[in-house]
Amino acid sequence: METISGISASPGIAIGEVYIHTHEAPAVPRYAIPRDSVDAEMKRFREAAKTAAAELEDLRRNGENEIDEDQLAILDSHRLMLQDEEFHDQVERGITESLVNVEWVLYQSVQGIVDKLNSSQSEDLRERSSDLHDVSTRVLSHLTKRKRFSLADLPDEVVLVAHDLLPSDAIAMNKRKVRAIATDAGGRTSHTAILARSFEIPAVLGLSYVSRMAENGDTIIVDGNHGRIILDPDEPTRAEYAQQSRAWHQHEVQLMRLNDLRAETRDGKLVELKANIEVPDEVESVISHGGDGVGLYRSEFLFLGSGGLPSEDEQYEAYRRVLKALPGKPVTIRTLDLGGDKVAHDIADLDEQNPILGWRAIRFCLSNPDVFRSQLRALLRSSVHGNLNIMFPMISGLEELQEALSFLDEVRRELESEGAAVKKDLPVGIMIEVPSAAMVSDILARRSSFFSVGTNDLIQYTIAVDRGNERIAYLYEPFHPGVLRMLQLVVNNGHANSIPVAMCGEMAADPLATMLLVGLGFDELSMSAGSIPEVKQVIRAVSVREAEEVVGEAMELDSFKEVDRYLRRVMGERFGLENA
Ligand code: PEP
Ligand code: MG
């Protein structure tokens with residue numbers, strides 16, 4: 001049994017079997033196939049065996065003058081093996097019985113025979129084992145060239161273990177088959193963590209070397225609440241975690257009772273609690289967790305799937321679906337935030353030395369007018385189906401905002417001249433996630449309908465700490481006085497210009513921060529849907545006056561450690577949340 005500590009990225013507890021995922025296609029992929037694909041799998045096998053046999057034939061012909069009789073005999077025996085009916089029947093039986101892809105069946109059956117031959121006393125038989133191994137490797141290499149494994153095809157329910165998961169992997173994976181995630185790399189606000197929370201899959205990231213310690217099939221416990229994993233747990237530990245898992249679910253069910261209540265402080269201030277979503281399917285979870293709408297729809301995830309650049313109509317359908325599922329409720333759709341750790345290689349060459357400071361988000365859109373135009377057209381067309389707000393990411397100053405706004409105007413005129421219906425007076429706001437934008441938020445507020453503070457990036461850029469790098473995760477501190485001062489400035493500038501100020505970074509989901517955010521005057525908090533009930537519970541128990549007092553005290557403190565300690569004390573006294 002081995003316990004490893006990492007970063008708690010998504011709450012919950014899960015016990016299951018390890019499945020190691022690497023970015024390279026695995027040597028022997030394994031995935032489930034439907035019953036009616038057995039023939040297609042056999043066809044792939046026959047073709048791969050035929051190609052391998054032809055290859056051996058070529059080798060024989062070309063090498064006739066250079067290789068000796070013994071070697072020729074080996075090539076011949078390999079070729080015969082590939083044509084052996086009994087061998088083909090065995091593979092076919094394996095596929096039909098297990099409904100798993102041919103590569104895996106071939107690998108498994110050959111491995112079984114190889115092991116037997118290897119343990120034989122006879123040297124002859126032991127030699128045959130390496131022949132068999134050779135032949136199967138040759139066929140496997142032809143098979144795997146044609147089919148790349150995707151996490152969409154996971155065979156069983158597993159715990160996904162990887163060095164790192166790309167956001168595109170996480171979006172593609174079959175969520176029903178993933179009980180939990182454990183990775184070596186990543187931080188609390190990396191996009192893998194965000195997706196795990198959105199999909200309500202327990203996750204521990206930043207484990208440094210779990211992908212090297214664990215092996216396929218090992219038993220693993222992932223404790224997302226405390227940020228640790230346990231490999232090969234003994235029986236008492238398993239039982240203890242099974243019990244904790246049940247208690248956690250009960251706690252979740254209890255919190256869901258708050259769903260129909262508003263997030264109103266004791267003295268009557270309403271704070272809107274909305275959800276962050278990445279794919280339209282999540283809208284059901286927004287409703288089931290009592291969200292007041294969508295505060296951030298990360299539209300780039302439509303672009304990170306396997307299909308490459310989505311068409312204007314595909315985008316329109318996705319936006320329309322979300323808007324229609326939440327009649328009357330506000331839905332803020334953020335324009336493309338590709339780049340950084342969200343790379344779509346089939347859309348643009350985003351291989352940069354310093355992607356976090358590079359060609360990302362609005363910068364990418366403004367220099368790819370065709371991509372931007374098709375998204376804005378889709379958004380504007382969808383506007384008649386609900387309460388849409390459009391939001392631009394990564395605005396760093398006025399020029400960028402003006403350019404984006406005038407492009408939006410141009411696209412609106414274009415659509416209107418085509419006779420398309422577009423809603424009038426659409427709110428258009430910006431994310432405040434670059435320190436320069438926070439510093440000039442008084443100027444930006446005059447041209448924006450609303451602000452939404454993206455603390456994930458704002459903290460990263462303010463403290464100069466890569467949000468996905470586990471080695472420096474200890475510096476990634478929302479309660480850093482530098483960050484708190486910026487938040488205060490943004491809220492004050494927004495309110496001085498009569499626009500609402502929201503927060504959609506992960507800080508909004510932390511109950512320890514809730515009093516502080518209410519006291520600072522945030523009008524809206526947006527977070528993964530699963531976090532809404534807990535934050536609501538805090539808001540309903542406090543008054544604005546009390547929250548403002550907390551802000552007054554916290555702003556006097558000199559370091560994030562002091563702020564953290566102070567908030568833990570206050571929350572501990574009020575809610576017993578000191579371990580939050
Ligand atoms: C943020 O930066 O806080 C944010 C919400 O955007 P993302 O996490 O997608 O970068
Ligand atoms: Mg961001």
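As the structure lists them, so they are numbered: ligands from 1, and atoms in each ligand from 1. From a predicted model like this one, the values you see are computed outputs, not experimental measurements. Numbering starts at 1 and runs along the sequence shown.
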Assess whether a salt bridge exists between [X] and [Y], defined as any Lys/Arg side-chain N lying under 4.0 Å from an Asp/Glu carboxylate O.
| X | Y | value |
| --- | --- | --- |
| Asp457 | Arg467 | yes |
| Arg197 | Glu506 | yes |
| Arg373 | Asp370 | yes |
| Glu317 | Arg320 | yes |
| Asp292 | Lys274 | no |
| Glu300 | Arg334 | yes |
| Lys177 | Asp153 | no |

Would one find more than 12 heavy atoms of other residues, nucleotides or ligands at under 6.0 Å from atom [atom1] of [X]?
| X | atom1 | value |
| --- | --- | --- |
| Met555 | CE | yes |
| Glu410 | CD | yes |
| Arg176 | CZ | no |

Show the atoms of ligand 1 that are less than 4.0 angstrom away from any heavy atom in [X].
| X | answer |
| --- | --- |
| Lys342 | 9 (O) |
| Leu296 | 5 (C) |
| Arg467 | 2 (O), 7 (P), 8 (O), 10 (O) |
| Cys504 | 5 (C) |
| Gly454 | 1 (C), 2 (O), 3 (O) |
| Arg298 | 4 (C), 5 (C), 6 (O), 7 (P), 8 (O), 9 (O) |
| Asp457 | 1 (C), 2 (O), 3 (O), 10 (O) |
| Ile194 | 8 (O) |

**OP:** Indicate if the distance from the Mg ion (ligand 2) to the nearest N, O or S atom of Asp337 falls below 2.8 Å.
**Re:** no
**OP:** Could you check atom 7 (P) of ligand 1 against the protein and tell me its nearest heavy-atom contact, residue, atom and distance included?
**Re:** His191 NE2, 3.4 Å
Original post:
Nearest protein heavy atom to atom 6 (O) of ligand 1, by residue and atom, and its distance?
Top reply: Arg334 NH1, 2.9 Å
Subject >> the Mg ion (ligand 2) - closest N/O/S atom in Glu433 >> reply: OE1
**OP:** Please find the N/O/S atom of Asp457 nearest to the Mg ion (ligand 2) and write down its name.
**Re:** OD2
**OP:** Mark the output for Gln460 as yes if a heavy-atom distance to ligand 1 is under 4.0 Å, and as no if none is.
**Re:** no
Original post:
Is the closest heavy-atom distance from Met507 to ligand 1 below 4.0 Å?
Top reply: no
Subject >> Arg360 and ligand 1 - part of the residue with a heavy-atom distance under 4.0 Å >> reply: side chain
**OP:** Return the minimal non-hydrogen interatomic distance between Val322 and Val331, and the atom names on each side.
**Re:** CG1-CG1, 3.9 Å
**OP:** Indicate yes or no: does an N/O atom of Glu506 lie under 3.5 Å from an N/O atom of ligand 1?
**Re:** no
**OP:** Output yes when the distance from some N or O of ligand 1 to some N or O of Asn456 is under 3.5 Å, and no in every other case.
**Re:** yes
